[in-house]
Amino acid sequence: MGLLDKARKLSPWLIHYDCGSCNGCDIELLACLTPLYDVERFGIVNVGNPKQADILVVTGTVNQQNKHVLKNIYEQMPDPKVVVAIGVCACTGGIFRDCYNVLGGIDKVIPVDVYIPGCPARPEQILKGIELAIDKLAEKRNNIREEKKDVV
Amino acid sequence: MQAGLFINILLPFAIASIIYFVKNVKVRNILIIVTAGLVIMSSVYIWFEKPGRIPAGSIIGVPLDKIIEVMDFLLGLYILYISISLKKWYLVMLSLAQVIPMLIFEVIIGPNLEVKDALYIDNLSMVLNLIVSIIGTLIWVFSIRYMAEDEEHKKIYPSRQNRFFFVLILFIGAMNGLVLSNSLTWVYFFWEITTLSSFLLIGHDKTKDAINSAIRALLLNSFGGVAFVAAIIIAYYEYGTLDIQKIVALRPSGLLLEPIVLLCLAAFTKSAQIPFQSWLLGAMVAPTPVSALLHSSTMVKAGVYLILRLAPAFRDTWVSDMVAIFGAFTFVVASLFAIGQSNAKRILAYSTISNLGLIIAAAGINTPASIAAGILLIIFHAISKALLFLCVGTIEHHIGSRDIENMRGLFTKMPYTTVLTVIGLVTMLLPPFGVLLSKWLVIETASSNPLLVLLIAIGSALTVMYYTRWIGILLTGTASQDKVEKETEPPSISVPLTLLAIGSVLISLFVTNVFNVMVAPEVISYYKRIGIKASEGMLSMSIGAFNLFPVFLAMGVAMVLGLIFFRKSNVSATPYMCGETIKDYKYAKINNELQTVEEIVVRNYYFEDLVSERKLVKWVNAIAIILILMIFGVMIL
Amino acid sequence: MIILKIIFALIVLPIVGGLIVGIDRKLTARLQGRFGPPVLQPFYDFIKLIGKERQLVNGFQALSVFIYFVSSALSLLLFVLRQDLLMIIFVMSIGAVFLVVGALSVKSPYSQVGSQRELLQMMAYEPLLILVIVSMYLVTGSFSIRAIANYPVPLFFKLPLIFLVMSIVLGIKMRKSPFDISASEHAHQEIVRGVLTDYSGMYLALIEAAHWYDLVLLLGIIMLFFANNWLVGAAIALIYVIFEIFIDNVTARLTVKWMMQFTWIVGLALAVVNIAWLYFVR
Amino acid sequence: MVEAKEITIENLLDEVKYYHDSGYRFVTTTCIDMGDKFQIYYHFDKDMKLENLKLIVDKNTRVPSISSIYFCSILSENEMQDMFGIEFDGLVVDYGGKFLLGEDSPLTPQAHIQVIKKPSAETAEDKKGETDKSSKESDNKKSDSL
Amino acid sequence: MSDRSIIPFGPQHPVLPEPIHLRLVVEDEKVVEALPAVGYVHRGLEKLVDIKSTDQMVYVVERICGICSCMHGQAYCQGIEQLMGIEIPERAKYLRVIWAELHRMHSHLLWLGLLADAFGYESLFMQTWRVREKIMDILDRTSGNRVIISVNIVGGVKKDIDAELQKWTLESLNDVERELREIYDIMKDDYTIKKRTVGVGVIKAEEAYELGLVGPMLRASGIAQDVRMTGYAAYKDLDFEPVVEKDGDSYARMMVRMRELFQSIDLIRKAFEKMPGGEINVKVKGSPDGEVISRVEQSRGEVLYYIKANGSKNLERLRVRTPTFANVAALLKIVPGCQLADVPVLVLTIDPCISCTER
Amino acid sequence: MVLKMGIRLFKNLFTGPATRLKMREPFEKQRGHIDIDIEKCIFCGRCSRECPSGCIKVDRKAATWELNPFECIICGVCVDVCPTKALSMLKEFRDPSDKKSLKGYKGTPPTRPTKGSNSDDAEKSVKSPEKKASDSKKNEVA
Ligand code: SF4
Ligand code: SF4
Ligand code: SF4
Ligand code: SF4
Ligand code: SF4
Ligand code: SF4
Ligand code: SF4
Ligand code: SF4
C-alpha cells in the first residue's frame, strides 16, 4: 500500500478546464509545462481528459453557461481526485464576481481542495499549489479506504 | 450403403415434391424436421462407411446414367423455357448454347458417355456433403419460423412458402449429388439444378429487384454452364473419359489442360469470383436463409470444390500459379469493396467472395499444405458464414434493417443474437479460430510467391477493418444509460443459431482432429504427402507451426478476468464528450430546429470517395478478365 | 527452464519495455530542453492507475482490455519460446482488434473516430509486418524464430530495406509522430486520445502494460535482423528506438490520408524492392 | 466625437448595401440603451477610416438584419439580441437569445440590469443572517467617509 | 441511416485552451458543417461600468483577456484621454509602444506554440514557449508582473524603464531574435509543417474583406491593414510597413505572425532609441463626458472601444469589439470542407481569444 | 527540413535542460502580495474605495482592516493611494492554501493614540467550517 501512495504522489495527472478565465491564468498554467518550469519532472502530465486525470485544475470564474460543464468534468473523474482553483477568479470570482453572468468561485459548483491566489497566479505559485494538491490526493485516498471499510 | 445414398440424395427430391403439395403447415414442418434428421443421419452414415467408388446403378432397369442424361436435357429445356418467357435474348442464346451442344453430343456419343464409377466418395466430397447436410438442414429448420415472419413483414399473400421449401429442400439433394458425383455429366446435371434453384430462390419475393437479380444470377451461371458444356465435350475428345478421378490421374499438361481451365472458369462463375461477383451481390435480395444456404455455405462452394478436386490435375503448372493469383486478386478486391459497404448482407457477400478467392488461391498454390488449408477454410467458413447470415436475418426481422449502422448498440436490444453474431464475426476474423488458422496456413504456404503474399497480406488487413468495426458497434452502449433488454427467440430460430455458434467454436478447438480425420487423408491420397503434423492443438509444418491451445487458454483467461473485473467496476461512467453530457447534448443553441436534443451519432468510415464500388468496379473487372485470359494464355507455355 | 522463460517473458521483458518508455520520455524531455520525468515514471503511472477507481462506460471495455493485454503478453511469450513468427503476429492482432472493439463499444465520438483511425493504422502496418516476416522466411526458409535466429548471416545484410520498413511499423505501433494519428501519446489532438479516450484507471494501466509487451516484441523482431549476435541486436534495437524518438520530435503529426499513402506506397515499395532483389541475387 | 450618419429602419439595408458595394469592411455594431429607445451604431471601415451609421429605434421594434449583406454581422447582431432583446428579421444564423448567455443567465442583461456590488463572498458566508446589519454598516462606512 | 457523424468539439477539449464549442458534422474525415456555440466565458463585464469608476475600469478591461491585456488598457486609456482632452507625456507614449510590442511578441510566440501543439509538433511547442519565457522575464522585470502587467493608467503609464533595464532588455531581445531566427528557419520549410498548413483554410483577399477579418488574418490574405498605421501612441514616429502575405492559407497566417515577431523587435529597438526622457504620466482630474471610439492594433488585430460617458464617475456605456469577435466569422468559412484533423489547426490559425470575444 | 529542428534538439540535449529547478529570485519590481503595517494605518478607507476589485474592508470604528487575498488582483492601487504608506507591495507571492482565509488586522483607532497593547496581528481564518462542509456536500448532491 505504501508503494501505491508513493506512486500516487509521483504520478499526478491533471486536466485543465478553462472555466471562463481571462487566459491570464491559463497561459501561466501552460507555461508550467514548458521547459522553464517543466512540471513533467514531477511526473505531472496534462492529460486533458477527465477520465484519466487525478487533479482538476480550474481557471476562471463559473458562469451560467459553463457550470454544468465543470460539474460533468468533475463527475467523470475517477476517485481519488482533487480540485485546484487557480487565480482569484476561480477562488472567488475575483474582479468579475459582480458581473451578472458570473456565479463566483468554482466552489459554488464543485468542492475545491486547493486555492491559489494571484491574478494571474505565477507558475511558481501554481507549482506550489499542485504540490499541495498532491498531498491532498494521498489524504483523500486514505479517506476512501476508510469509507470502503465502513461499507464492508 | 445404397440406402444411405438414396436418403442423402434422392429423399430430398422426393420430400420436396411432397411438400410442394402439403397445405397443412404443421404437417409440413414435421416433415421438414424429420427429413432434416434423416439427411443428417444418412450423411454421417456415409461418412463412416466411406465406400470410395460406387458404380452407377439403375432404377427399374433403366440405367441411372441414361436417366440423368434425359433429365439433363429436360432441365436444359426448362431453363430455355424460362429464358424465353423472360424475353431476354441473351439468356436464350446462352441456354441454347448449352442445350444444343449437349444434345448433339449426347446423341452422337451416346452410350460411350457412361462413366463406370458414377459416384466417388472420399474425404473432400464428404466434407462438402457433411456441410451441406448438417448446415443445410439446420437452415431448413431456421427457415420454418423465419419465412413465416418474413411473409408477415412483407405482406405476401397467398403464402409462397410451399414453393420456397420445395426448392430449398430439393437443392440439398442436388448439392449432395453434386459433391458425390464422379462423372462430369452428373456433376453438370446437379450443377444446373443448383443454378436453377438459385434463380428460383433469388426471385422468390417477386419484386422487381428480386427478379432482376435472379435474371442476373441465371445469366452469369449460364455462362458458367456453357463453359462447363464446352469442358465436357472437349474433355471427352481429349481424354476419352468423363471420369473426374481418371482425368485428375492423367495430369494433362499444356493445351490439354483446356477442359480443366474451362471447368475452372465455370467454377469461377459459380463461386462468384470477380468479374462474376455481381450475381452474388444481387442474390442478397433473397430471404436470408437462401443467402446463408446457397450463397455462402454450400452452392458457391461447389465452384471451389470443383477447383480443389481438379487441383492435383494441374499442379506445378503455370496455370496453377495464375489461378492462385486470380484467387488472391479476388480476395483483395472483394475485401476492399466490403470496406465500402454498410449493408450487412453485402458485407457478408463480399466477405464470402473474398474467402472463396482465398480458397481458390490455396488451390492454385497447389501444395499439399495449401490444399489442406483450402479444405479447412471451406469447413470453417461454411459454419461461421451460415451463422452470420442467419443472425443478420434474425436481426433484420427485429430492427427492420440490415444496415450495420442501424445495429449500433444492438447488444442492448437483442443481447443473445448479438453475442452469437459476435461469435460468428470473431470466428471469421481472429485466431485461434479456424478461418484465421487456414489463412495462416495459406500465407505460409504462399510465401514462396511474394506477389501472392503481398496480395493476401493486404487482403487480410482489409478484412480486419470491416469485421472489427462491425463487432465494435454491435456492442456499443453506455451501461448507465442503456438498459439491456431481455430477448426471447422461438426455438426454431435459437436452436440452429446456437448449434452453429457452438459448432463454430468447437470445431476450431478440435481443429487438429478435424484435420487428421477429414483433411489429411484426402490430401495424402493425391499428393502422397502432406507436410503438416497436427496433434496436441498444434499444426506444424517444416517452415512453421501454429500453437492453438495456448491461444485458447489465454483467451479464456482473459474473458474470465474481464468478467471478474467488470463485476468489480463502477459501470456508471459516462463517455467523454468534452464536458457536455451525452444525454442532453444540445450543441449550438441555435433557434431553428436546434433546441432539439439530438443524439450524437458517429458513423464508420466507408471511404465512399476512395473505395467507391461504382467507380472501381469497371477497372477491377477488366483486370480480372485479363487475369482469366492469362490463365488461358499461360496454358500454352 | 521453460518456467524461467515464462517468467522472463511475462515479467522481466515488460519491465524492460516500461524502462524503454521511461527513457523515451526522459530523452524526449531532454531534446526539448526540459528536465523530464524520472526514468521510472511509467511504473509510477502504472501503479497509480491500478489504484484508481475502476470506471467503465460499457462492460465490454473490461473484456476488450483483458483480451488486449493477454494477447500481447502471449505473443511476447511465444516469441521468447521461439515459436512461429507469423502466428505471433496473428496473436498480436487479436489484441489490436479488441482494443478497437473496446473503443467502439463506447458511445463517445472520440473513441469511435479514434477506432476508425486505429483500424486504418492497422491496415497500414499489418501488410508491412507480414511482408517483413515473409521476407525473413524467404531468406531463412522458415517462419520459426528458432530457425530465423540461427541463420548464420545477419539478416540485415540481406534485408536492408525491410529493416527500414520496420521503422514505419514501429513508428505506428509506438504511436509516434508523424503516425500518432489514432491516439497520440499526448492528449493534445483533435480526437483527444482516440481509442484510449474512455479508458481509465486499471484498464488504462493494462493497455499501457500491453503496449510495453508490444514494444518489446517489435524490438525483438528488429533484433532478429542481427540474430546471430543478440548483443548487437539489442544495441541496434535501442538505437532504433532512439531514432524513432528523434523522428517523433522533428515531425508534426500528419493526416490519415498521408499515412495510408506513405505506408502503402513507400513502405510496400521498399519491401517489394528488397524482396525482388533477393530473387535477383539468388 | 463619434460622427455618424443618421438612418432609419427603412433605408438601413440600402445604406449598408451602399457601404458594402463601395468596398467597406464591416467592423461591428454597437447598441446603447437610451432609456426608451435603442441607439444602434453600425461601424464600417475603409483604409482605416471609420464610417458610422446611427439608427435609433423604439424598444420592441424589429430591426432588419444586415447579415444577408454582411454575413459576419451575425455575431454582433446575435449579441445585441442577447443583450438588449432587440429582435432581428432575417438573421442568417439565429441563436435565439442564447448566443452568449447560458440557460440561467439573466435575460437582456445590458438593457435593464443594474449591476450592484455583491458583498464579498466570504463575508456573506461568515455573517449570514446579519445581512441587514452589514448593509447598515456599509452605510455607516459611506457616511463616515463622506 | 444518416451518413454523417456529429462530433461535439469542446468546450473542454485538450487542444483548445479556451472553451468554445463546435458542433462538427463530418463525413468520414471530412467536415461538412461546423457551427460554433460560445458563451462559456461570457461574464458581462461591460456592465461593470455601473459600479466601477473610470479609473478602476482600467483594471477590469485589462482582464478582458490576459494575453494582450496591456493593449486593452492602452485602448481604454487612450479613449478616456481623448474624451478628456489629455495629452500624455511623450515618454509614456513610447513606453506604451514598447510594452504593447512585447505583448505582441509573447502572444505570437504563444500562438505559434499552440499551433505546433495542434498539429502534434510537441518539440516545437516547447521551443517557442522556451523563447517566450524570455519575453515574460522582460515583462516581469520591467513591470512587476508576468502576464497582466497593469502599467497603463489614464494619463500615462505607471512604471518606467530605466537605462539599466533598457540595456538588459535590449540584450535579452538580441538573444530572442537569434533564437527566433532559428525557429523561423525551421518553420519556414519543414516538410511536415508545410504538409499541414499550406493550402489549408484558404481565405482570399475579397473573402477576407467580406468576412470583416482583422489583423494578421487580413494581412495574410494580402491586405495591408494595420491600425498602428494611424499613428496612435508613438507609432507615427516609428515608421514601419505592415507585414503582408498573399496566399491566405494557414501557412501564410503562420508566416505573417512569424515575421511580425521580428517587426516587433525592430519597433522596440527603435522606440528605445527615440524615447525621450521626462514624466511618464500626468495627473488627471474630473470625469469624462461624451462618446468616443478608440482603436488599437492588438496581436490578433484591431480592437475597437466604444466609450460613452456622462460626466459622472461611472461611464454610461462601454463596448469592446475585440479582434477575435471579427475573426470568428472566418471559422464558419474555412472549417466546413476541411479534414477532421485540420480542425484544431484551423481553429488556431484564427488565433482565437474567446475570453475577449465573449467578455 | 528535419535537419534544422534536429540540430536544435541536439543542442538542447547537450546544453542541458533549461528547467529552473529552484525558484528564481523575484525581480525587484515584482508584485507579490499586499502587506499592511497596521500601526501606520489611519483607517481612512481610501484603499477600500479605490480598490478595483473591492476586496478591502476597513472599519474605522472597530479599527479593523481586512483584505480578502482571494479577491485581490494585486494591482497595487491601494499601495499607491494610501496616504500614510501603511500598505506595501511585497515581492513574494502568497502561498496557495486549502481554504480561503481573510487577512484581518485589528489596529488602534487613530483617535486614541495608545499604542501596542490591543493591536492584534494574528491572521484570522474564516470560521464556521461546518457551514463550509455542508456547502460542499450540497454541491456533491446537486
Ligand atoms: S485571476 Fe486574474 S488572471 Fe486569472 S483568470 Fe482571473 S482575471 Fe485572469
Ligand atoms: S424486417 Fe426486413 S426482412 Fe423482415 S420483413 Fe421487414 S423488410 Fe423484410
Ligand atoms: S501534448 Fe504534451 S507538450 Fe503538448 S501541450 Fe500537451 S502536455 Fe504539453
Ligand atoms: S489566447 Fe486563446 S487561444 Fe491563445 S492560449 Fe489563450 S485561450 Fe488559447
Ligand atoms: S485580443 Fe485576445 S489576446 Fe488580445 S486581449 Fe483580446 S482576448 Fe486577449
Ligand atoms: S486621508 Fe485622504 S482620503 Fe482619507 S479622509 Fe483624509 S483626505 Fe480623505
Ligand atoms: S492590490 Fe489592488 S486588488 Fe489588491 S487590495 Fe490593493 S487595490 Fe485591491
Ligand atoms: S491602509 Fe492606508 S489607505 Fe487603507 S485605510 Fe489604512 S491608511 Fe487608509
Side-chain angles (χ1 to χ4, degrees), chain B residues 409 411 429-432 436 439-440 443-444 447-448 450 453-454 456-458 460-462 464-465 467-469 471-473 475-480 542-547 550-551 554-555 557-559 561-563 565-566 568-578 582 600 602 604-605, chain C residues 53-60 62-67 69-71 73-74 78 83-87 90-91 93-94 97 100-101 103-113 115-116 119-120 122-123 126-127 130-131 134 137-138 141-144 192 197-198 200 202 268 272 275-276 279:
Chain B
F411 181 76
L429 178 64
L430 289 179
L436 204 99
K439 211 176 268 177
W440 169 81
I443 295 183
E444 296 223 336
S447 49
S448 44
V453 170
L454 182 70
I456 297 176
I458 293 177
S460 51
L462 295 170
V464 171
M465 170 111 195
Y467 275 140
T468 305
R469 62 185 187 197
I471 302 177
I473 60 178
L475 302 178
T476 303
T478 301
S480 53
S542 61
I543 53 171
F546 202 111
N547 241 322
V551 188
M555 292 307 113
V557 168
M559 281 158 95
L561 284 175
L563 200 67
F565 279 95
F566 163 64
K568 286 189 177 176
S569 295
N570 164 13
V571 287
S572 63
T574 50
Y576 174 69
M577 294 270 286
C578 280
I582 201 159
I600 300 278
V602 184
N604 288 323
Y605 289 2
Chain C
E53 180 190 3
R54 285 191 284 270
Q55 268 190 358
L56 284 176
V57 179
N58 184 335
F60 290 106
L63 189 71
S64 307
V65 166
F66 276 100
I67 293 184
F69 178 78
V70 168
S71 76
L74 178 69
L78 291 173
Q83 295 294 311
D84 185 293
L85 200 47
L86 190 60
M87 169 182 76
F90 280 158
V91 171
S93 75
I94 306 178
V97 163
V100 173
V101 168
L104 274 172
S105 72
V106 178
K107 260 187 192 165
S108 141
Y110 297 98
S111 291
Q112 301 251 345
V113 173
S115 31
Q116 301 295 331
L119 282 173
L120 286 173
M122 283 167 69
M123 240 164 82
E126 270 207 347
I130 292 180
L131 281 183
V134 166
Y137 161 80
L138 286 174
S142 175
F143 282 98
S144 144
V192 193
T197 308
D198 284 285
S200 61
M202 188 185 82
L268 288 183
V272 167
I275 291 174
Y279 261 73

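Not measured: the values here are computed from a predicted model. Every chain is numbered from 1 and lettered A, B, ... according to where its sequence line falls, protein lines coming before strand lines.
Proximity to chain B (any heavy atom under 4.5 Å) is restricted, for C/I275, to the side chain, taken from C-beta onward. In this structure, chain B has a heavy atom under 4.5 Å from the side chain of C/L131, while its backbone stays farther away. Of the two parts of C/L268, only the side chain, counted from C-beta on, holds a non-hydrogen atom closer than 4.5 Å to a non-hydrogen atom of chain B. Of the atoms belonging to C/I130, it is side-chain heavy atoms, and not backbone ones, that fall under 4.5 Å from chain B. Looking at C/F60, the atoms closer than 4.5 Å to chain B (heavy atoms on both sides) all sit in the side chain, from C-beta outward. Contact of C/V272 with chain B is made through the side chain alone, with heavy-atom distances under 4.5 Å. Interface residue B/L430: only side-chain heavy atoms are found under 4.5 Å from chain C. The contact between B/L429 and chain C is made entirely by side chain atoms (from C-beta outward), counting heavy-atom distances below 4.5 Å. Looking at C/L74, only its side chain comes within 4.5 Å of chain B, counting heavy atoms on both sides.
For the set B/M559, B/K439, B/M465, the count of heavy-atom pairs under 4.5 angstrom toward chain C peaks at B/M465. Contact count versus chain B (heavy atoms, under 4.5 Å) is highest, among C/S142, C/S105, C/S93, C/A103, for C/S105. If you tally non-hydrogen atom pairs under 4.5 Å between each of C/V65, C/V100, C/L86 and chain B, the highest count goes to C/L86. Chain C forms the most heavy-atom pairs under 4.5 Å with one residue out of B/I471, B/V557, B/L561, and that residue is B/L561.
The closest donor-acceptor contact from the side chain of C/S115 to the backbone of C/Q112 lies under 3.5 Å. Although no hydrogens or angles enter the test, the distance criterion places no donor-acceptor pair under 3.5 Å between the side chain of C/D198 and the main chain of C/V106.
Scanning both residues, B/V464 and C/L119, for their nearest heavy atoms gives O-CD2, 4.2 Å.
Remark: B/Y467 engages no residue in a ring pair (Phe, Tyr, Trp, His ring centres under 6.0 Å) (not counting sequence neighbours). Residues passing the side chain to side chain donor-acceptor pair (under 3.5 Å) test with C/Q83, sequence neighbours excluded: B/N547.
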